[in-house]
Trainee: 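First, the structure itself, so that you have it in front of you.
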Number of protein chains: 2
Amino acid sequence: MPSHGQYTSPAVEHALAVLETLASAQELGVTELARKLGMGKSSVHRLLATLAGQGYVEKNPQTERYRLTYKLFVVGSTATERYGLKDLAGPVMDRLSAETGETANLGVLEEDRVVNIHKVEGPHLLRLHLDLGRGVPAHATALGKVLLAGLDPNDLDRWLRATRLTRLTPRTLTQRAPLRRALREAATRGYALDDEECSLGLRCVAAPVRDRRGAVVAGVSVSGPSQRLPSAALHRMAARVRAAGLEISRRLGYSGPSDP
Amino acid sequence: MPSHGQYTSPAVEHALAVLETLASAQELGVTELARKLGMGKSSVHRLLATLAGQGYVEKNPQTERYRLTYKLFVVGSTATERYGLKDLAGPVMDRLSAETGETANLGVLEEDRVVNIHKVEGPHLLRLHLDLGRGVPAHATALGKVLLAGLDPNDLDRWLRATRLTRLTPRTLTQRAPLRRALREAATRGYALDDEECSLGLRCVAAPVRDRRGAVVAGVSVSGPSQRLPSAALHRMAARVRAAGLEISRRLGYSGPSDP
DNA sequence: GGGCATTGTTCTTATATTGTGAACGACGTT
DNA sequence: AACGTCGTTCACAATATAAGAACAATGCCC
């Protein structure tokens with residue numbers, strides 16, 4: 001077997017592995033990095049030199065070890081502007097946050113996680129701090145549920161087979177059957193809830209955002225501390241969140257029905 | 001000259017170029033991308049296959065063209081957590097925003113741009129929308145000025161020689177001499193101003209954030225519309241911004257003097 | 001202070017991968 | 001129906017690659 005006919009580039013995969021490893025650790029030396037990746041020191045060294053030449057990593061002059069620069073963040077952030085989603089959603093989210101007094105979030109599904117790409121914080125002093133960018137397991141959040149409910153059945157089946165439903169709090173749905181039920185419910189009601197399934201003390205309502213074809217491309221949510229959001233308030237808010245999701249969808253060119 | 005002894009990896013550089021090009025355009029086909037990069041179609045195709053295999057790009061099933069996923073954003077965002085800066089600065093910025101009623105920003109210098117890594121928006125309805133991530137030319141912002149003022153003289157000289165001072169508004173400082181003067185002033189006062197130099201109608205005050213060695217690693221700022229921030233208010237606010245910068249610095253282990 | 005074990009970097013080499021150009025099938029248009 | 005264009009695959013020569021050994025510099029421990 002001559003084994004030519006390459007469909008992927010090992011060098012590139014290695015470079016990406018270097019970036020990801022560097023992202024998960026704060027700072028690493030060449031030897032340390034090589035050990036983690038199972039490669040030779042000199043190979044890693046050359047990859048680092050390449051990445052440094054392009055401005056993606058740098059050597060900390062103090063410790064003589066390598067770390068990521070902010071360039072990856074800069075380049076990655078532009079991916080966030082797909083469809084102009086952020087710009088279109090921004091004003092709607094401002095209003096949603098003002099009306100509800102809570103934090104409004106915009107998120108998308110990336111593999112098994114929900115990635116927050118925009119948030120508007122409410123005026124309350126007590127606020128739960130959720131970082132943009134850092135993903136959260138989809139099955140444990142309201143946003144994740146509306147996004148999963150928007151997948152077509154085959155993709156959802158594959159998703160459910162492929163991902164472990166890790167437990168984040170005592171209330172996290174870690175079994176497939178209850179999660180499936182929750183997703184069906186989300187689909188029929190047009191919104192999903194998260195009752196401290198992701199973080200204790202945090203409740204959340206989310207609604208889907210659809211593009212002109214009707215496909216769910218993102219979700220909007222409102223989240224806040226349980227004390228301020230008893231069950232009744234949560235369901236009342238759902239209408240507002242759904243309206244916000246619909247408005248963003250309309251701006252994206254969605255022309256389908258307003259009811260699920 | 002045998003010319004072996006490679007210090008960089010062309011394949012990796014090409015892959016990064018693909019990512020950057022894809023980031024600057026929304027969606028591109030293989031041929032289009034190959035033309036932009038001046039490479040063969042098949043090379044680009046293999047790179048895309050590799051990047052897709054790692055989850056960094058995907059093919060839009062509608063248009064059959066390639067686009068970035070959000071993974072680059074996810075990985076890049078973790079770079080944002082260097083020093084735990086965001087976590088340490090968060091509460092201080094919350095307070096700064098609450099006290100001033102305006103938007104508080106945290107930024108770092110990346111090449112010739114200031115990258116915003118965290119912001120806390122004020123309660124006012126009239127707000128200027130500045131995205132996180134997307135960089136802004138350093139010479140035209142208050143944050144940029146404190147960060148440049150924190151460079152050591154050699155680095156600053158190199159920076160000034162290397163970068164074009166592009167004009168963003170009629171007030172932008174596009175000459176080196178006035179910029180140098182502004183930087184000296186920022187260094188002696190401990191804060192910098194931006195009077196509609198970046199965007200018309202936007203004013204800004206910024207102060208440096210220092211690590212335990214005293215090096216400027218970031219900046220905090222408060223920004224708002226000119227109508228709410230007359231010159232007098234701006235200078236009054238400077239004290240608060242400086243105090244916030246100092247507090248974050250202290251949390252980072254800075255033990256130097258509080259005055260510049 | 002001298003020796004020992006790290007570290008980051010450079011060199012060399014066989015080998016596997018890369019970039020290229022051409023050819024293929026599939027669409028959409030003229 | 002023929003054409004242009006697209007994404008994909010193929011084959012091959014040229015070249016970059018990954019690995020291991022050797023280097024100097026640094027820090028550490030006895």
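The sequence lines fix the lettering, A, B, ..., with proteins before strands; numbering per chain opens at 1.
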Trainee: How long is the line joining CG of A:Leu37 and P of D:dA19, in whole Å?
Mentor: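 One finds 11 Å between P of D:dA19 and CG of A:Leu37, rounded.
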Trainee: Pick the nucleotide of DNA chain D nearest each of A:Lys41 and A:Pro10; which residue has the one closer to the 5' end?
Mentor: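 Looking at the nearest nucleotide for each, A:Pro10 comes out on the 5' side.
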Trainee: Assess whether atom CZ of A:Arg212 is packed by more than 12 heavy atoms of other residues, nucleotides or ligands within 6.0 Å.
Mentor: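 Counting other residues, nucleotides and ligands, CZ of A:Arg212 stays at 12 neighbours or fewer.
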Trainee: By nearest atom, which of the nucleotides C:dT17, D:dT8, C:dG19 is closest to the B:Val30 side chain?
Mentor: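 The listed nucleotide nearest to B:Val30's side chain is D:dT8.
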Trainee: When the distance from CG of A:Leu47 to C1' of C:dT9 is rounded to whole Å, what number comes out?
Mentor: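 Going from CG in A:Leu47 over to C1' in C:dT9 covers 15 Å.
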Trainee: So, does A:Lys59 get its side chain near the phosphate of C:dT9, meaning an N or O under 4.0 Å from OP1 or OP2?
Mentor: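 Yes, such a contact exists.
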Trainee: Checking side chain to side chain donor-acceptor pair (under 3.5 Å) for the pair A:Glu13/B:Thr50: CA distance, chi angles, key distance, verdict?
Mentor: CA-CA 7 Å; A:Glu13 290 178 356; B:Thr50 307; 5.2 Å; no
Trainee: Considering heavy-atom distances to DNA chain C, does A:Arg35 or A:Val12 have its closest nucleotide positioned more toward the 5' end?
Mentor: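 Nearest-nucleotide comparison on DNA chain C picks A:Arg35.
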Trainee: The side chain of B:Tyr66 is closest to which nucleotide in this list: C:dT9, D:dA16, D:dT8?
Mentor: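 In terms of side-chain proximity for B:Tyr66, the closest of C:dT9, D:dA16, D:dT8 is D:dT8.
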Trainee: Less than 4.5 Å apart, any side-chain heavy atom of B:Val57 and any of B:Leu19?
Mentor: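 The answer is yes, as the side chains (C-beta and beyond) meet within the 4.5 Å cut-off.
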Trainee: Is any side-chain nitrogen or oxygen of B:Ser43 closer than 4.0 Å to OP1 or OP2 of C:dT20?
Mentor: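 Yes, B:Ser43 has a side-chain N/O under 4.0 Å of OP1/OP2 on C:dT20.
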Trainee: Tell me whether the side-chain N or O atoms of A:Ser42 pair up with the base of D:dA18 as donor and acceptor below 3.5 Å, since no angle test is needed here.
Mentor: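 Counting by modelled atom types and ignoring angles, no donor-acceptor contact under 3.5 Å is found here.
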Trainee: Say you draw a straight line from OG1 of B:Thr163 to CZ of B:Arg113; how long is it, rounded to the nearest 0.5 Å?
Mentor: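 Reported value, rounded in 0.5 Å steps: 10.5 Å.
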Trainee: Using a cut-off of less than 4.0 Å, is there contact between a side-chain N or O of B:His45 and OP1 or OP2 of D:dG7?
Mentor: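 Checking D:dG7 against B:His45, no side-chain N or O comes under 4.0 Å of OP1 or OP2.
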Trainee: Closest nucleotide of DNA chain C for B:His14 versus for A:Glu64: which of these residues is on the 5' side?
Mentor: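 Checking each residue's closest nucleotide, the 5'-ward one belongs to A:Glu64.
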Trainee: Using a cut-off of strictly less than 4.0 Å, decide whether B:Thr31 has a side-chain nitrogen or oxygen near OP1 or OP2 of D:dG7.
Mentor: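 So the side chain of B:Thr31 is within the cut-off, an N or O lying under 4.0 Å from OP1 or OP2 of D:dG7.
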Trainee: Expressed in angstrom and rounded to an integer, what is the separation of B:Arg46 atom CZ from C:dT20 atom C1'?
Mentor: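 Taking atom C1' of C:dT20 as the reference, CZ of B:Arg46 is at 10 Å.
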